[in-house]
Amino acid sequence: MSAATRDELMTVAAARMLSNGCVCFVGIGLPSAACNLARLTHAPDIVLIYESGTIGTKPDVLPLSIGDGELAETASFVIPLPEVFSHYLQAGRVDVGFLGAAQIDRYGNLNSTVIGSYEHPATRLPGAGGAPEIAAHAKQTFVMCKATPRSYVARLDFCTSAGFGNGVGARARSGARGRGPQAVISDFGILRPHPATEELQLTALFEGITSADAQAAVGWALSLADRIDTVAPPTDAEMDALRALNARTREAHRKPVRIPV
Amino acid sequence: MSAATRDELMTVAAARMLSNGCVCFVGIGLPSAACNLARLTHAPDIVLIYESGTIGTKPDVLPLSIGDGELAETASFVIPLPEVFSHYLQAGRVDVGFLGAAQIDRYGNLNSTVIGSYEHPATRLPGAGGAPEIAAHAKQTFVMCKATPRSYVARLDFCTSAGFGNGVGARARSGARGRGPQAVISDFGILRPHPATEELQLTALFEGITSADAQAAVGWALSLADRIDTVAPPTDAEMDALRALNARTREAHRKPVRIPV
Amino acid sequence: MSAGLSLTLSEAVERFVADGASVALEGFTHLIPFAAGHEIIRQHRRDLHLIRMTPDLIYDQMIGMGCARKLTFSWGGNPGVGSLHRLRDAVEHSWPVPLEIDEHSHAGMAAAYCAGAARLPFGMLRGYIDTDLPAHNPRIRQVECPFTGEMLAAVPAINPDVTILHAQRADRAGNISLHGIVGAQREAALAATTLLVTVEEIVEALPPAMNGIVLPHWIVSAVVHCPGGAYPSYAHGCYARDNAFYQRWDSIARERAGFGAWMQRHVLTTRDQREFLASLEAVPA
Amino acid sequence: MSAGLSLTLSEAVERFVADGASVALEGFTHLIPFAAGHEIIRQHRRDLHLIRMTPDLIYDQMIGMGCARKLTFSWGGNPGVGSLHRLRDAVEHSWPVPLEIDEHSHAGMAAAYCAGAARLPFGMLRGYIDTDLPAHNPRIRQVECPFTGEMLAAVPAINPDVTILHAQRADRAGNISLHGIVGAQREAALAATTLLVTVEEIVEALPPAMNGIVLPHWIVSAVVHCPGGAYPSYAHGCYARDNAFYQRWDSIARERAGFGAWMQRHVLTTRDQREFLASLEAVPA
């Protein structure tokens, strides 16, 4: 088997954080892969909710969009989207929410709206989607965000979703009910909030990566936990399951669809 | 055929007020009989909504309760009760609402809550149910209320549902969006609001009943319209349809139900 | 599901319904959880805050047996028949104990359940216009639209300590499916801290639901298999509403003595829903 | 139904979609009314206020062709692929015309549609907490709970002049049934002044619905039979989403010239959805 890619390392690390039976609000991309990998390995009874309204879905291949037919077909049931947000997310019935972002700061606040100014953006990103309320209401969130020169920044161009605000209890004072970003999974390792300051700290590194690498990847003076673990490399079982899932997915998405003429 | 009873006269008169295709919010009792009589005679495409959530229902027998199984089985579809009130009634999608009451005053305001004081009632009635919002939001309402010594009163003990308030435009100023009670069907005849004062006026009498009878039946100085019609007696077709409906209903409700031991 | 499928109804009521709790046994004519109500009576629960849009016979029974100190409701009658005599006796004469009432319209109470299900502090509606209810219920207030300045009616969210429903079926994981007239049951279920469901049958796998009404196992505290648990109300597809019983209830409940004797014979001296139903079959009430 | 089943899509768009109108072509990945959007482009509508939670390819096309002056939305990307290049070009460079944006989160926009469906002036949510959106959108405000004093986010109701949906089927009376992922379509339909629906098939009688999703004929302005009308999105039970097309769109729409040529060939010079689909089949884009 070839060595794990950074995407695979991140996906496996995220999947391991999900306990069996937990209720996950799943986004497209790596979070969707991580949640389904967990379901196919150690967490068969995990409950996956996609914001399209599919509850308890068990897709055989990963969806390209948040609303692929596969999600509805394999769901326990399908509800209108407004109810996903009011009856499940806002009601506090989601254990884990996944978020991604173009930018993240040291308190786990996220930007997926614009690079540059809002009124005259250099780059217009897709926007908020479900993120602001996932960030507020999921009992905890996991953020998956690769390090690029512009992703781990000292100051966000725009705050789309709040993590710990400016730290030291700001989140608790804000009225947000969930505990916020409890893990940030990057391609160098894992950050977790300090219990008192709520600033993200480096708590684990992938094999072969150093603290100096991690520090170089982020745009602020990265705080290091007292103890920094090494993430255990993916097991063969994890890699087999993930690669099979990705292979099935690639094949399914490539398959020509009959145009309904 | 025996002479029409007062219930039958009221039912036929109310049924005639319903045009084909109109959307009716139906209450139990005489309104339900009137709406279904209309459907079985001149208005086959009338849309009946019961507050239990059954939309476009076509019962073969009259329901005893607002939520008999017959209503669901013959409905176009069934929605949760909150949606009946928000998406259909409050949204202004109901053409005609029917109301009954223990007391009615000269402006068509209704009491179905208490006789006596609210805190220490002489008689506790069932209460508001859907009435306050039917009264406000249906494009128009029809009230069916028999005259007893205590039903047509100068002053309500409690206002459960507003008609024209104290008249002369009070309703329009209240924010209610429907046009209010456009007909009151009693067992002596029919009252309709005066266009300017909005006080109910006697506009029609059932055969053999005089204006003096009507005046004696109400507890205020009854205003008479310039012209008072006589309600055309029920036709044989109307009576046949109504009596057959009532006979089917009585038989169905008497039929012993197997106790699900 | 916290308690699984292993509890009897008696055990479930004992565990989840405490004296003084706010309890919603919802059901709009259909799927009314009679068996659960009877079990609450058998266990002599007291000081309950009963919540329900349409308190009907089962609440008449619970109120008449002294289980309740407060009632939140929007229409309190015997549908198509007339009064609920035990409810009236409690309101008019404080018998057997005083009953505080928190009275709404259907639309108001529906908005309150929806707010509860969404964990919002209040619900709003265009409601109660020019009526006397707001003057008598401090839980009906107004809220101003921050865009148009319009005033709307506001009601506080309803979040029962316990909601109890009856449904057609559950699977072994505890997922619940119901169909037919559903009233405000789903909202009442989602608004509750604890959700207890009695069902007609427990199946290996629910029928494919797609857009049907399902309550997922992870919001359910316990499921109890209780065939006939909605009688004399009904379970669509299983058995019909016993309209004749509803009509007979008017005379059963009219007088205190007759009511007491009926409850003694059919509820207090029966052990469960099966015996209750058998007692009615033996000698029609 | 005001216009019955007699209109072609071209006639329906001509009658119901005016320049300057607010128009919601809803669909959350599933049942996106592509054919109707193409017809709006063919008829050169201008100054539309487009509304939609997830403007995807069809709005990218309409914006790129200059139909829109304003966009209300909550997530503007090509799902699972990346950017909507035409949307970006309009926002970043005002090409082909400036595009005003009214931006929300999904939860906020869902609340706004629900308020619209219920004819309330605003919707509320626990939302936008500590985010920058309210500072940039005056249509996100706060409202105070009249019971607890809590502050909640408020958004004005969305009531489109016209909502356009695609659905699996209609009956001859104009009742619409849809199933599968339904997004906020039902709320958008109920919130609209005019509701136009394209359907895969028209049947004598809809399948029994019970608690399924039906839009009754008396809220529908016109139904147009338009098989394949959701392609390259999908109609559950009829045809699958063409994920490969969504991936190809990234390169088709990346540059203005290539986009224009594609629109010319596949939309502007085809007369209807049948010809559009045939043009794609002839030479895969």
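Just so we're on the same page: letters track the sequence lines, and every chain starts at 1.
When all heavy atoms of D/Arg141 and C/Pro146 are compared, the closest pair comes out as NH1-O, 2.8 Å. The minimum heavy-atom distance linking D/Pro138 with C/Phe147 is given by the pair O-CE2, 4.0 Å. Closest heavy-atom contact between D/Asn211 and C/Leu178: OD1-O, 4.3 Å.
Between chain D and the options C/Leu120, C/Thr148, C/Val143, the largest number of non-hydrogen pairs under 4.5 Å is found for C/Leu120. Counting heavy-atom pairs closer than 4.5 Å to chain D, the top residue among C/Met124, C/Met210, C/Arg119 is C/Met124.
Of the two parts of C/Val155, only the backbone, made up of N, CA, C and O, holds a non-hydrogen atom closer than 4.5 Å to a non-hydrogen atom of chain D. With a 4.5 angstrom heavy-atom cutoff, C/Ile213 touches chain D only via side-chain atoms.
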